[in-house]
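Let me begin by presenting the structure, written as structure tokens, before commenting on it.
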Protein chains: 2
Amino acid sequence: MTDIFRRVGDKWSMLLVILLGARPHRYNDLHRAVEGISQRMLTRTLRTLETDGLVQRAVHPTVPPSVEYSLTPLGRTLLEPLSALADWAVLHEAEINEAHARHTSG
Amino acid sequence: MTDIFRRVGDKWSMLLVILLGARPHRYNDLHRAVEGISQRMLTRTLRTLETDGLVQRAVHPTVPPSVEYSLTPLGRTLLEPLSALADWAVLHEAEINEAHARHTSG
DNA sequence: CAGCATCCTACCAGATACTG
DNA sequence: CAGTATCTGGTAGGATGCTG
């Protein structure tokens, strides 16, 4: 189980899954949307998600080429629990920062 | 938000939070329960969780000393979304492994 | 019992440059 | 547009030995 978590729970994976949950994205869409991600990590993370069967990659042989990433049905089942956790993070971010301040100062 | 995830979502944190969600544990309880964790990482992870205000540490000045770790109220609010994700992981582990096999072989 | 200090390694992840 | 290749520093995390 911890293996699954390590894949799904890392810095970029969750962000990508949540983004792709909203709508399919192309490579550079994601690159722009996920502020701060390097090409390397974007590609790596997408490959991992694809290998895990959470994301599917559709290549349209146009000129210039376009590649569309979207969630698989399995990926979509992840969306709900992941969003719950993301909501929790947003909701309690302030409290965590306060706790931090308490431990840092006193 | 990604910062929160990095702390909460790492290899050991979620395991500890879920364990402490069941009942308070002492240091060596956790060390035994979390098969494979080193003292170093157990201590480090507990300290991080404590600093984040998710876990509280109660020292009982007995001989020999005993230290009890438990979830704070904030930590308990994390339990639900985290369990949801853990359940998801257990439920879909097989599918992910199958997807892996597909990408490895063909 | 419940840690801390130190050393060490391997992998992770960013920056940068290049390609079909 | 959608990647790959290479180099490099940082950090996660294990092993070991010691302490109040």
Can you tell me how far [atom2] of [N] sits from [atom1] of [X], to the nearest Å?
X	N	atom1	atom2	answer
Glu50(A)	dA2(D)	CD	C1'	14 Å
Arg32(B)	dA2(C)	CZ	P	8 Å
Leu42(B)	dC1(C)	CG	C1'	13 Å
Asp29(A)	dC1(D)	CG	P	10 Å
Ile37(A)	dA2(D)	CD1	C1'	14 Å
His31(B)	dC1(C)	NE2	C1'	13 Å
Gln39(B)	dA5(C)	CD	C1'	12 Å
Glu35(A)	dG14(C)	CD	P	13 Å

Has [X] got a side-chain N or O lying under 4.0 Å from the OP1 or OP2 atom of [N]?
X	N	value
Arg47(B)	dG3(C)	yes
Lys11(A)	dT11(D)	no
Arg40(B)	dT6(C)	no
Tyr69(A)	dG3(D)	yes

Would you call Val55(B) and Ser70(B) a side-chain contact if the rule is heavy atoms closer than 4.5 Å?
->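 When only atoms from C-beta onward are counted, Ser70(B) and Val55(B) do not touch, as no gap falls below 4.5 Å.
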
How about Leu78(A) and Val8(A): do any of their side-chain heavy atoms sit closer than 4.5 Å?
->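 The answer is yes; the side chains approach within 4.5 Å.
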
Nearest to the side chain of [X], which nucleotide is it out of [options]?
X	options	value
Arg44(B)	dA12(D), dC1(C), dC4(C)	dA12(D)
Ser38(A)	dG3(D), dG14(C), dC1(C)	dG14(C)
Trp12(B)	dG14(C), dG13(D), dA2(D)	dG13(D)
Met41(B)	dG13(D), dA13(C), dA2(C)	dG13(D)
Thr43(A)	dA2(C), dC1(D), dG3(D)	dG3(D)
Ser66(A)	dG3(D), dC1(C), dA2(D)	dA2(D)

Matching residue for Arg7(A) among Thr45(A), Asp52(A), Thr48(A), Thr51(A) - test: side-chain hydrogen bond (donor to acceptor under 3.5 Å, both in side chains) =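 Exactly one option meets the side-chain hydrogen bond (donor to acceptor under 3.5 Å, both in side chains) with Arg7(A), and it is Asp52(A).
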
Could you state the interatomic distance from CG (Leu30(B)) to CG (Leu42(B)), rounded to the nearest 0.5 Å?
->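 Leu30(B) CG to Leu42(B) CG: 5.5 Å, rounded to 0.5 Å.
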
Side chains of Ser66(A) and Tyr27(A): is there a donor and an acceptor less than 3.5 Å apart?
->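 No, because no side-chain N or O of Ser66(A) sits under 3.5 Å from a partner of the opposite role on Tyr27(A).
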
